[in-house]
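A short worksheet on the structure shown next.
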Amino acid sequence: MRSIASLTLALAAGATAVDFSRSHDTNSSVWSSAAELPAAASHSRSPISRFWNRPSKRQGGWSPPSDLATALQEVWDHCMSTYSDFWGFKNYGWDQIHATEGKINVCVRWESDSAVTEAQRAQVASVYAAQYQKWFSWLYDYDNFPYSNIDVNIVGWAVKDQSLLQGSTKGITVYTDTDADGVPQCSEACGRFFHQDGNYNSCPGGADAHYDHSLWLTDGFSGGAGGDWGQRIGREYFIGALGSSDVHILLHEMGHTFGLDDFYDWLPTGQTNFIMNAGSATVITDFDGWMLRNWWNGLSRYRGWQ
Ligand SMILES: *[C@@H]1O[C@H](CO)[C@@H](O)[C@H](O)[C@H]1NC(C)=O
Ligand SMILES: [Zn+2]
């Protein structure tokens, strides 16, 4: 596993941020090729993408399509041999949804001086949740996955100044806390990252008010980063992408939160275009979906979740 020094610094005592994304994720040239792929950008117009993200349901065990099986095995073996503590690490997105029984509470870290309207916040919440559902649709009804819906909610916003949040803030908790680098973050007392034992006694509102990970929106941030702590993308990029059905950098970084790897230094046999190969696809492909299923299939058995 990899850590980005600045992120590790930014996180407080005790917890170590695990960043599954490589630093290449922050290189804007990596992503620009995908931004030019009109065919993949719209489901309605693309004959190819119509066959993507349509998981076949109700399969048990491990039964990937034969044309993906070899590549999936290569990816699994590669993760096992390169992640420093593959099974022992306990804060994958998988561990998070297991602890909450199928919910994800998210904190937005608004690293910007720009104001954000109530309508924009509602859009951020719905587009963010919709991106996660594109991944989770691969899990519902698959191999004893226990949840038929994972409820994704933005429960808090961390801002430099409360006045940046225009309109009503009903339904969210507003934080003006900062991390060690002075960047807005929701209260550590309420963050799973800081309380992986599930003890939120020091959080005002207790466990009900906790958040599992963060969506970090940073002015001028190029590309993305992702890990157990959440996802980080450019504020301008995400606000500009609120009308898109597939926010491809965010989809990729969400994959990292659920343990999926990058492919900057190798490619599995026969696979070139998929969301976890940064810049090569703008939608979750069958191969991405099966990599996610592979994690469920392996980790759920190892953890004794089925
Ligand atoms: C960024 O990505 C481009 C395209 O892949 C590559 O040519 C360039 O060397 C990368 N820059 C850095 C700093 O890694
Ligand atoms: Zn990545």
Side-chain angles (χ1 to χ4, degrees), residues 1-8 10-11 16-37 40 52-53 71-72 74-86 89 91-94 96 106 109 128 131-132 134-136 138 193 213-218 220-235 237-238 241 244 246-268 271-295:
M1 293 185 209
R2 309 155 193 107
S3 292
I4 287 181
S6 63
L7 277 172
T8 310
L11 291 155
T16 305
V18 174
D19 203 326
F20 294 98
S21 62
R22 303 210 186 176
S23 58
H24 293 77
D25 273 23
T26 60
N27 176 347
S28 57
S29 338
V30 162
W31 303 98
S32 51
S33 51
E36 305 302 316
L37 292 171
W52 289 353
N53 206 16
L72 289 165
E74 289 168 358
V75 170
W76 188 249
D77 292 345
H78 189 265
C79 288
M80 294 263 245
S81 63
T82 57
Y83 284 27
S84 69
D85 193 12
F86 187 90
F89 183 71
N91 199 34
Y92 296 118
W94 305 103
Q96 301 182 21
V106 175
R109 304 182 60 173
Y128 182 83
Q131 304 309 302
Y132 254 140
K134 288 169 190 276
W135 279 114
F136 298 149
W138 282 90
F193 184 82
H213 54 254
S214 297
L215 168 63
W216 189 340
L217 300 175
T218 298
F221 191 76
S222 81
D228 64 325
W229 48 270
Q231 306 88 33
R232 186 182 193 183
I233 51 177
R235 181 201 50 103
Y237 165 73
F238 193 37
S244 316
D246 295 275
V247 183
H248 71 102
I249 301 178
L250 180 57
L251 287 169
H252 174 104
E253 304 306 340
M254 285 171 163
H256 287 315
T257 299
F258 278 75
L260 300 188
D261 203 0
D262 269 322
F263 293 86
Y264 289 112
D265 49 359
W266 75 288
L267 283 174
Q271 298 302 319
T272 50
N273 293 83
F274 52 103
I275 202 94
M276 293 315 295
N277 179 21
S280 73
T282 57
V283 297
I284 293 168
T285 67
D286 284 0
F287 188 66
D288 293 303
W290 277 96
M291 284 196 295
L292 188 75
R293 287 179 164 189
N294 204 343
W295 272 80

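Numbers here simply count residues along the sequence, with the first being 1. In each ligand, atom 1 is the first atom listed, and ligand 1 is the first ligand listed. Note: hydrogens, waters and symmetry copies are ignored here, and every other heavy atom, side chains too, is used.
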Backbone N/O of Phe258 and side chain of Trp94: donor-acceptor pair under 3.5 Å: yes
Ring center gap for Tyr92 and Phe20 short of 6.0 angstrom: yes
N, O or S of Asp25 under 2.8 Å from the Zn ion (ligand 2): yes
Could you walk me through whether His252 and His256 pass the ring-ring contact (aromatic ring centres under 6.0 Å, His included) check? CA-CA 7 Å; His252 174 104; His256 287 315; 4.7 Å; yes
Measuring from the Zn ion (ligand 2), name the closest N, O or S atom belonging to His256. NE2
for atom 5 (O) of ligand 1, nearest protein heavy atom and its distance come out as Val30 CG2, 4.3 Å
Regarding atom 4 (C) of ligand 1: of the candidates Ser29, Ala278, Ser28, which has the closest heavy atom? Ser29
For the pair Asp19 (side chain) and Ser21 (backbone), establish whether a donor and an acceptor sit closer than 3.5 Å, ignoring hydrogens and angles. yes
At a threshold of 2.8 Å, where the distance has to be below it, does the Zn ion (ligand 2) have an N, O or S atom of Asp262 nearby? yes
Is the distance between the ring centroids of Trp295 and Phe86 under 6.0 Å? yes
Which ligand 1 atoms does Asn27 reach within 4.0 Å, using its non-hydrogen atoms? 1 (C), 2 (O), 3 (C), 8 (C), 10 (C), 11 (N), 12 (C), 14 (O)
Regarding His252, does it place an N, O or S atom less than 2.8 Å from the Zn ion (ligand 2)? yes
I'd like to know if atom 9 (O) of ligand 1 has any protein heavy atom within a distance of less than 4.0 Å. no
Ring center gap for Phe221 and Trp216 short of 6.0 angstrom: no
